[in-house]
There are 2 protein chains.
Amino acid sequence: MHDQASRENEMTPNAVLSSIVASSLLVAASFAHADAALRERANALFKPIPERVTEMNGEKIVEAQVQLGRKLWFDPRLSRSHLISCNNCHNLSIGGSDNVKVSVGHGWQRGPRNSPTVFNAVFNVAQFWDGRAADLKEQATGPLQAPVEMNNTPARIEATLRSIPEYVEEFTKAFGSANAVTFDNAARALAAFETTLITPNAPFDRFLKGDDNALTAEQKEGLRLFMDTGCASCHNGVNLGGQAYFPFGVVKRPGADILPENDKGRFAVTNTASDEYVFRASPLRNVALTPPYFHSGEVWDLEQAVAIMGDSQLGRELNDSEVRAITAFLHSLTGELPQIDLPILPPSSPSTPKPELDLPGQLESSD
Amino acid sequence: MHDQASRENEMTPNAVLSSIVASSLLVAASFAHADAALRERANALFKPIPERVTEMNGEKIVEAQVQLGRKLWFDPRLSRSHLISCNNCHNLSIGGSDNVKVSVGHGWQRGPRNSPTVFNAVFNVAQFWDGRAADLKEQATGPLQAPVEMNNTPARIEATLRSIPEYVEEFTKAFGSANAVTFDNAARALAAFETTLITPNAPFDRFLKGDDNALTAEQKEGLRLFMDTGCASCHNGVNLGGQAYFPFGVVKRPGADILPENDKGRFAVTNTASDEYVFRASPLRNVALTPPYFHSGEVWDLEQAVAIMGDSQLGRELNDSEVRAITAFLHSLTGELPQIDLPILPPSSPSTPKPELDLPGQLESSD
């Protein structure tokens, strides 16, 4: 019977609903399957930022050193001018960097390279763009002395710290010895503080740990491209970079504006011809917060930086939607920045060395 | 009987003790009386710092403006270079000032005067050494634009803030209107934050409120001298200064090193001959934390500054013990500095104006 037959071919409203639900579940199951596969690949290459770092170079981190390091971090008296603290170029309010092309230091001199972020630096294999410092402690001794940065000397830093009774007390407590106020211990305390400057719980970390909804569809596509096209060959590990050294221009050397000819990178560290224009692969955590990009700081736009990398490192002209997807993925690397209490610093004493503001080439007494 | 008589003239150990206690009590009573008298005189001239400021210019302070102002305070993007924030010259970690002779701003240029502390500035009758700004809001508009300080313009500051979506949202919330992102509102938010930068509960405040033990004997002697010799004629009120204008050199003009001839103080504001070398009496709260001293920043030693004031303002050569006692009293003006959470600042967007580092006299494009 026609009616019967047509009724048999028709679906009741409930059946339609069931069917939609069923196919949605199938689609969802297939998405979930795709997400699981993507997560498995990603977890083989990357690692989430841990909630806390408890050791550095195999030693337990001492809380009193962290607290002392926090004060030193913000203390401009570690610079010759008494105007520049670590936080000037590694500003903890704006991504742990300074968001200018190259850092500006003593006498408004410009440094040779863009300031790398301090956030998650503890996870890098070595410090600086060329890896010339083995660890955070060794790194800390650099800018304190660099003429274009804080322009100070170990002896003057020690004299400053020793002239401030509260610092003497805190160093003694933090390092448990007499004569604890040394340049070396100041760097050690700064490094201890820096181990707390980590940014866990980025969307990417939540995805790695199992949350399918932590990334948008475009970010997942970007992650897939990041692995498929080869970005992850250099940018992997917990920091998506920071683990090894590679030539800038693996396939094609960028123009001299982006890769200045007189900065040969790791060559200056190793004196090995094959290390010309070799740099540490940039760690990409919080990269959306730290323009401008590259050691030259010449590129402000993250999409442009991604396109340049595709061209120079992979020999591949990424199309617009690929660039956008990879950039969207990079935005998922922005983690939770630590909440910092601004320290109240112990006052100077009459014997504290006075600030010296002399500009390079000027002869001028202290003021 | 000899034994009896001698025993009558002798005092038993208990009687000796009673006598000592009695005379101690007498002495204590007399000290307490002296303290009460000193407190009564002091309370007629000075006032404790309140625990909280709830109004500014007769208007209730809005918490959302305070929180926005805290971000703006630490944001170096308010300067042309993106390197200088309010906190550079009014460092909340070191007494609300910068502890250098004169402040250093854009291009490492030196400003004309020593940076006054922001702490308790809300209690001053007007702002700057010469009182040229009526209130905190008007003051805030100065350094943002001064070529030797942050070297920015209202238009560029507004363009910067409007380019940052989170700031647009926060301004709208804080000021409850569309088009809330204005230079004027930025200054208003900064002023709102500054009303929280007060330092209550200094030993002197606790003494004023009734705690005899808050000051040492030397500090009490210093307070007495501070009133007797005439210091309090200019340095009175809640901030022990900051209320009125007086010539530097009431009695005797100091040397040109301390009082530079080309800085005529309030004369530049009023154009009145009698205002030559007239300055606002320095507020003395936390003065021990804010060397160097005077608008010229030429004197690092607080005792020396006290001696100079005695000589130039009172025509009186204070002897060493008087200088020491007054200085000890000034140390009792150091209050409890506020605990500040370092803000995490909203990131720039592609349309945020780029930092410009050009030095005066140089022509250079942005970087």
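Proteins get letters first, then strands, A, B, ... in listed order; numbering begins at 1 in each.
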What option among I94(B), L83(B), L302(B), D75(B) has the most heavy-atom pairs under 4.5 Å with chain A?
L83(B)

Out of S85(B), P347(B), C89(B), P343(B), which one racks up the most heavy-atom pairs below 4.5 Å with chain A?
P343(B)

Counting only heavy atoms closer than 4.5 Å, note whether [X] contacts chain B via side chain, backbone, both or neither.
{"X": "L289(A)", "value": "side chain"}
{"X": "P76(A)", "value": "side chain"}
{"X": "S103(A)", "value": "neither"}

How about E169(A): does its CD atom have over 12 heavy atoms from other parts shown lying under 6.0 Å from it?
no

I need the [X] [atom1] to [Y] [atom2] distance, nearest 0.5 Å.
{"X": "T352(A)", "Y": "W300(B)", "atom1": "OG1", "atom2": "CH2", "result": "9.0 Å"}
{"X": "N87(B)", "Y": "F74(A)", "atom1": "CG", "atom2": "CZ", "result": "9.5 Å"}
{"X": "N91(A)", "Y": "H82(B)", "atom1": "CG", "atom2": "NE2", "result": "12.5 Å"}

Sub-3.5 Å donor-acceptor pair from the side chain of W108(B) to the main-chain atoms of L357(A), do we have one?
yes

When you measure from the side chain of S93(A) to the backbone of L345(B), do you find a donor-acceptor pair of N or O atoms at a distance under 3.5 Å?
no

Worked check of side-chain contact (heavy atoms from CB on, under 4.5 Å) between D341(A) and I340(B)
CA-CA 6 Å; D341(A) 291 335; I340(B) 311 279; over 6 Å; no

Q339(A) and I344(B): CA distance, side-chain angles, deciding distance, side-chain contact (heavy atoms from CB on, under 4.5 Å) verdict
CA-CA 8 Å; Q339(A) 285 288 351; I344(B) 293 168; 4.1 Å; yes

